[in-house]
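All figures in this text were calculated on a predicted structure; none of them were measured in a lab.
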Number of protein chains: 2
Amino acid sequence: MKRKPASGTFRNTERSKQKFLSAVEKILKTKGYAGLKVNYIAQLAGVDKKMIYNYFGSLDGLIDEYIATQDFWSNIAADMAHTPINDGGKEFSKEIFLSQYDYLSKNKELQKVLLWRLSEERKSLRKLTDEQEESGERLFSQITDPHFGEHAEKFRAVSAVLVAGIYYLNMYAEHNGSVFSGIDLKTDDGRNAVKEAVTFLIDKTYDGLTADSQSNTTIEKTI
Amino acid sequence: MKRKPASGTFRNTERSKQKFLSAVEKILKTKGYAGLKVNYIAQLAGVDKKMIYNYFGSLDGLIDEYIATQDFWSNIAADMAHTPINDGGKEFSKEIFLSQYDYLSKNKELQKVLLWRLSEERKSLRKLTDEQEESGERLFSQITDPHFGEHAEKFRAVSAVLVAGIYYLNMYAEHNGSVFSGIDLKTDDGRNAVKEAVTFLIDKTYDGLTADSQSNTTIEKTI
DNA sequence: AAAACAAGACACTATATGGTGTTTAAAATT
DNA sequence: AATTTTAAACACCATATAGTGTCTTGTTTT
């Protein structure tokens, strides 16, 4: 016969768990994953660290649960609905890329998670990566692959470069001199220049790779 | 009257300093900057850690000296000479971008340094960043800016996205599932797809942005 | 060869860090 | 209301880590 978890004014299991999870979030936003130390988390949460082991089994348990309960990519799904697709996904793609760029610049936590993913091997992060790939796979296979036909993979490769560029530029702007290739990534002008570049590249990619296009000779002469 | 540093068979200042610097390099390559701990460095070097403080003043001193003595971007300077420029730097740009992509994929240490730069504030790393910007600035102002004229900044923004993409994709391939946007970045096919995409994008950028071009209407209609 | 110096071995300190055992009292169950 | 359970406080332990003091002996200087 299991007993209900304490939910009083002083002893409240659920509230304490939440405090831990919130502390993890706060640390991740400000100091990044390297700041996730037991003592610090407990101090910030205002709950004894012993409870971390009671509730989550271990520090890793807490961290993994935190990752699992967050939805870092919620913005994409939200944007998916309201753009009609009758241009092979051209405007839709632009919207996705550009909104990703803005979203990431505002969301320090996601920046830290991206960095974390590049720095540490962790099952829960890997799961996050896999889910992201799946979600992307749906977009490609349903929207752009049919449009680009034999050039589908070429569009995917372009997408990879653009998304990767968007990720890196945002992380770079946070931690480095903010000037990259002579573009000041912290000013509106600089950020707009990047957005224009992305828009331009997508336009050109649709122009040059669309299945019934006639001018794709340049593509073949690589490497 | 200062005395010559010991250079015998058993006690050899220069040799020991080198051992420390080599240990730092090895650790950076394999474990990344987070593995740079005094005890571990000393153990790997086979020299007492006390000497780190004698020679370099502190752990940070050693690390900074290591960074200062390395030339992480040597490959670029080497490539600069042997490509004639009479096409506004189109082929030259391709070569730079593509060789960066290959070089970075082979050079784990540089990958770790790029990651380090995104993770930690450090004067010596900042200096490295500034030098890199300077070197890029020379290329832009001498080669591509004159060619693109009023669109010079647009080309810089495209470059920023491409270089950033190249950086991120290489780091991603090392630490994540290696599949990004459906492209397997660890296979030759996947890597070639990325290279073709970069080549394609540069071609299209030169087509669309060259100063005397007539078809740059698409550029204006951004955001 | 003797003296002066410094490279290095080794033991040590202080602090940070992850994790546990014991006791208390608040909350759930009876 | 009595009993049981467990949230949480508190003191603890083990290990990792940066950094220092001391002594020995190889190397340089005289």
Problem - Closest non-hydrogen atom pair, Glu174(A) against Lys108(A) - result: OE1-CE, 3.3 Å
Practice task
Using a strict cut-off of less than 4.0 Å between a Lys/Arg side-chain nitrogen and an Asp/Glu carboxylate oxygen, indicate whether Lys94(B) and Glu91(B) qualify as a salt bridge.
Solution key: yes
Exercise for the section: Rounded off to whole Å, could you give me the CD-to-P distance for the Gln43(B) and dC10(C) pair? Expected result: 14 Å
Practice task
Would you please confirm or rule out a distance under 4.0 Å between OP1 or OP2 of dA28(C) and any side-chain N or O of Ser7(A)?
Solution key: yes
Handout entry: 5′-ward residue of the pair Lys37(A)/Ala6(B) relative to DNA chain C
Key = Ala6(B)
Problem - dG18(C) phosphate, OP1 or OP2, under 4.0 Å from Asn39(A) side-chain N/O - result: yes
Fill in the blank from the handout: Lys4(A) NZ to dA26(C) C1', in whole Å, measures 14 Å
Practice task
Indicate, with a heavy-atom threshold strictly under 4.0 Å, whether Ser58(B) touches base, sugar-phosphate, or nothing.
Solution key: nothing
Practice task
Rounded to the nearest angstrom, tell me the gap between atom CE in Met51(B) and atom P in dT22(D).
Solution key: 15 Å
Completion exercise
Whole-Å distance, Arg15(A) CZ to dA8(D) P, equals 7 Å
Exercise for the section: Ignoring backbone atoms, establish whether Tyr53(A) has a side-chain N or O less than 4.0 Å from OP1 or OP2 of dT6(D). Expected result: no
Practice task
Using a strict cut-off of less than 4.0 Å between a Lys/Arg side-chain nitrogen and an Asp/Glu carboxylate oxygen, indicate whether Glu25(A) and Lys112(A) qualify as a salt bridge.
Solution key: no
Handout entry: Among dG26(D), dA7(D), dG19(C), the one nearest Arg11(A) by side-chain distance
Key = dA7(D)
Problem - Interatomic distance where CG belongs to Leu36(B) and C1' belongs to dA16(D) [whole Å] - result: 16 Å
Handout entry: Upstream residue (5' side of DNA chain D) when Ser16(A) and Leu59(B) are each assigned their closest nucleotide
Key = Ser16(A)
Practice task
Give the rounded distance in Å between these two atoms: CD1 of Ile52(A) and C1' of dC10(D).
Solution key: 16 Å
Handout entry: Base dG19(C) to side chain Lys50(A), donor-acceptor N/O within 3.5 Å cut-off
Key = no
Practice task
Quickly work out the Asp48(B) CG to dA9(C) P distance and round it to whole Å.
Solution key: 6 Å
Handout entry: Side-chain ion pair, Arg156(A) and Glu137(A), N-O less than 4.0 Å
Key = yes
Exercise for the section: Please state whether the base of dT27(D) and the side chain of Arg3(B) form at least one donor-acceptor pair under 3.5 Å? Expected result: yes
Handout entry: Rounded interatomic separation in angstrom, taking CG from Asn12(B) and C1' from dG8(C)
Key = 12 Å
Exercise for the section: In plain terms, say whether Asp184(B) and Arg191(B) are close enough for a salt bridge, that is, a side-chain N and a carboxylate O under 4.0 Å apart. Expected result: no
Problem - Toward the 5' end of DNA chain D, by each residue's nearest nucleotide, Tyr55(A) or Lys49(A) - result: Tyr55(A)
